[in-house]
Amino acid sequence: MTRKFFIGGNWKCNGTVDEVKKIVCMLNGGEVPCPNHIETIISPPFIFIPMVKSCLRTDFQIAAQNCWTKKGGAFTGEISAEMLKNLGVPWVILGHSERRTLMHETDQVVAEKVEYALSQGLKVCLCVGESLKERECNETAQVVSRQVQAVAARVGCWANVVIAYEPIWAIGTGKVASPEQAQEVHYNLRKWIDCHIGCQVAQDIRIIYGGSVTAANCKQIGGQPDVDGFLVGGASLKEEFIEILNARNTHTHKTC
Ligand code: PGA
């Protein structure tokens with residue numbers, strides 16, 4: 001079976017109206033593999049979503065960077081899964097390490113968010129990954145499986161989930177995981193899913209890599225058998241994102 005390559009551009013908390021227009025223009029003019037070969041999500045800050053959605057090529061889908069744990073209401077500053085759905089946003093990134101560490105989102109909070117977002121018909125890019133200290137203590141596999149297990153305790157169907165393995169020490173640092181390091185974690189996580197969730201889920205689920213992915217390193221990492229794509233931060237704001245989208249290039253097409 002083949003898992004369709006999946007690439008996300010996570011803009012994080014970046015951009016002005018002018019910058020957003022420029023990035024969308026760059027994306028719209030880019031030659032990339034056709035949607036039969038690649039699935040692409042673009043994740044602007046909430047406030048720019050309507051603008052990006054109205055002018056972005058239709059072969060790229062929009063993803064929010066977060067959403068609330070449950071139905072909306074008196075939760076100042078939050079955005080609910082229903083609102084995203086209502087706006088026609090198909091994807092949401094949940095459990096990014098910046099939210100786990102800076103906003104103190106626990107495995108349980110992330111799992112709650114994933115469960116609720118899926119229940120509302122959103123697709124989820126679930127981020128997991130270890131800190132440098134955890135890697136040095138040989139705890140990578142344990143941390144990553146614990147983070148997935150928290151979600152597995154609440155979620156039965158994984159068809160609308162992509163897992164992004166993002167080692168914290170590689171995010172925004174320029175210190176990318178080697179292709180072998182990425183492959184090892186992805187392979188072990190897939191094996192864990194096979195044992196604890198199910199063999200069909202293990203075979204079908206896309207596990208993408210994130211953390212300092214660039215045009216220079218994407219081909220090697222993306223060539224690993226258990227790496228099904230990337231979640232890209234910094235480089236998704238630049239021209240080189242188009243090169244990254246072509247990491248496993250077969251057929252390109254342009255949508256202006
Ligand atoms: P980076 O970020 O590509 O800037 O390292 C990746 C991410 O946090 O998703």
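Fair warning: this is a prediction, and the values are worked out from it, not measured in the lab. Just so you know, ligand 1 is whichever comes first in the structure, and atom 1 is the first atom listed for that ligand.
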* To do: Let me know which protein residues bring a heavy atom to under 4.0 Å of ligand 1; chain then number is fine for ordering.
  => Asn10, Lys12, His96, Glu166, Ala170, Ile171, Gly172, Gly211, Ser212, Leu231, Val232, Gly233, Gly234
* **Heavy-atom donor-acceptor pair, Arg135 side chain to Thr140 backbone, under 3.5 Å** => no
* Looking only at atom types and distance, does a side-chain atom of Gln108 sit under 3.5 Å from a main-chain N or O of Ala150, one as donor and one as acceptor? -> no
* To do: State which residue, out of Leu27, Ile244, Asp59, Thr40, fulfils the side chain to side chain contact (heavy atoms under 4.5 Å, CB included) condition with Val32.
  => Asp59
* **Exercise: do Tyr165 and Gln147 side chains pair donor with acceptor under 3.5 Å** => no
* Asked: NZ of Lys53: more than 12 outside heavy atoms within 6.0 angstrom?
  -> no
* Output yes when a side-chain donor or acceptor of Arg3 lies under 3.5 Å from a complementary backbone atom of Asp204, and no otherwise. => no
